[in-house]
> 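Here it is, the structure in full.
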Amino acid sequence: MPTIKIAHSPDADDIFMYYAIKFGWISTPAQFENIALDIETLNEAAIEGTYDVTAISFALYPKIREDFALLRTAVSFGEGYGPKLIKKRDKKLRRNFKVALSGRHTTNAMLFKIAFPEARIIYKNFLDIEKAVLDGEVDAGVLIHESILDFDESLEVECEIWDIWLELAKKELPLPLGGMAMRRSIPLTRAIAIEKALIKAVEVANTHRAMLAKMLLERNLVRIDAPTLDKYLDLYANDKSITMNDVQLEALDRLFQIGYEHNFYECPIQARDFMIPHEYMDSRG
């Protein structure tokens, strides 16, 4: 059986969505080997074509579309929430304030750059951003993942990336944050089988959420406590993570259009055009 390398981030929603496979709760069409890395490392690895299947920031996808298909599953969208720009309380930010972002290819970085074109940006692992603000290394930072739920009381939210998204999207659509992509060099029938296995894994994880969350906590596979994990999964690993719906696809198309309008991409794309065609197997009967 061939081995398929699947890379995901170490944050709670990615681990939750993958570990139904790791714990053997579903059958797979190949031997899956998982690798956990921070999201910007995964984005850079996707550009290099390192892994067979990888988590990515949605904003990166148009840049890797020739080499990777966009998957329907294991997606994270914000609905009224998302990454937060934080600073010390009562600090006034100048137009060219120094800010720490979690990576140049992240969705929050693209939206931030559009909203704050004069900010001076440095990039850090998302786990180090809060400390950089507290230590005065930067004036502000954009928190992502679990860090949006619990940060030092001396900090306050300057701006929600959600609000930037609403202003740019000109319509209330979910904020596309992260998804999965698969190398196009994988034969189509195998690619379809792999994606269907991943969809099933996310579905099973969501169905048995309480049991899986308990197992992850008992094995110290997540960095947060039980109440925070429960809240975080409500946000980013829920029934809308199983397979993208029409509204999510519309939001993704809008993100790609915004990126094109602001010169992040060479052309606008439609998400559906870059997905694995499951209908191929249906047509074979």
> For Leu217, check side chain to side chain contact (heavy atoms under 4.5 Å, CB included) against everything at least two apart and list the hits.
Val222, Ala226, Leu229
> Is the shortest distance from a Lys or Arg side-chain nitrogen in Asp135 or Lys131 to a carboxylate oxygen in the other one below 4.0 Å?
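Yes, this pair counts.
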> Just to verify, what does Ser154 make a side chain to side chain contact (heavy atoms under 4.5 Å, CB included) with, not counting sequence neighbours?
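Ser154 satisfies side chain to side chain contact (heavy atoms under 4.5 Å, CB included) with Leu134, Asp152 only.
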> Under the side chain to side chain contact (heavy atoms under 4.5 Å, CB included) test, which residues partner Met211, sequence neighbours left out?
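Once residues adjacent in sequence are excluded, the partners of Met211 under the side chain to side chain contact (heavy atoms under 4.5 Å, CB included) criterion are Trp25, Met215.
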> Going by salt bridge (charged side-chain N to carboxylate O under 4.0 Å, His left out), name the pairs with one or both residues in residues 29-52, residues two or more places apart or in two chains.
Asp52-Arg183
> With a 4.0 Å cut-off on N to O distance, would you call Asp225 and Lys231 a salt bridge?
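No salt bridge links Asp225 with Lys231.
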> For Lys63, what residues pass the side-chain hydrogen bond (donor to acceptor under 3.5 Å, both in side chains) criterion, not counting sequence neighbours?
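Expected list: none.
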> If a pair satisfies side chain to side chain donor-acceptor pair (under 3.5 Å) and one of its residues is in residues 169-182, list it, with sequence neighbours excluded.
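Of all non-adjacent pairs touching residues 169-182, those that pass side chain to side chain donor-acceptor pair (under 3.5 Å) are Lys171-Glu250.
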> Just to verify, what does Tyr18 make a ring pair (Phe, Tyr, Trp, His ring centres under 6.0 Å) with, not counting sequence neighbours?
His8
> Per the salt bridge (charged side-chain N to carboxylate O under 4.0 Å, His left out) rule, what does the pair list look like for residues 199-216, sequence neighbours excluded?
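For residues 199-216, and leaving out neighbouring residues, the salt bridge (charged side-chain N to carboxylate O under 4.0 Å, His left out) pairs sorted by first residue read Lys200-Glu203, Arg209-Asp230, Arg209-Asp234, Lys214-Glu218.
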> Going by the rule side-chain hydrogen bond (donor to acceptor under 3.5 Å, both in side chains), which residues pair with Glu158 if we only count those two or more places apart in sequence or in a different chain?
none
> Sequence neighbours excluded, which residues qualify as salt bridge (charged side-chain N to carboxylate O under 4.0 Å, His left out) partners of Glu79?
Lys240
> Got a sec, which residues hit side chain to side chain contact (heavy atoms under 4.5 Å, CB included) with Ala251, two or more places apart in sequence or on another chain?
Phe77, Trp165, Leu173, Pro174, Pro176
> In residues 91-98, what donor-acceptor pairs under 3.5 Å come from side-chain atoms, sequence neighbours left out?
unit_1, atom_1, unit_2, atom_2, d
Arg95, NE, Glu118, OE2, 3.2
Arg95, NH2, Glu118, OE2, 2.6

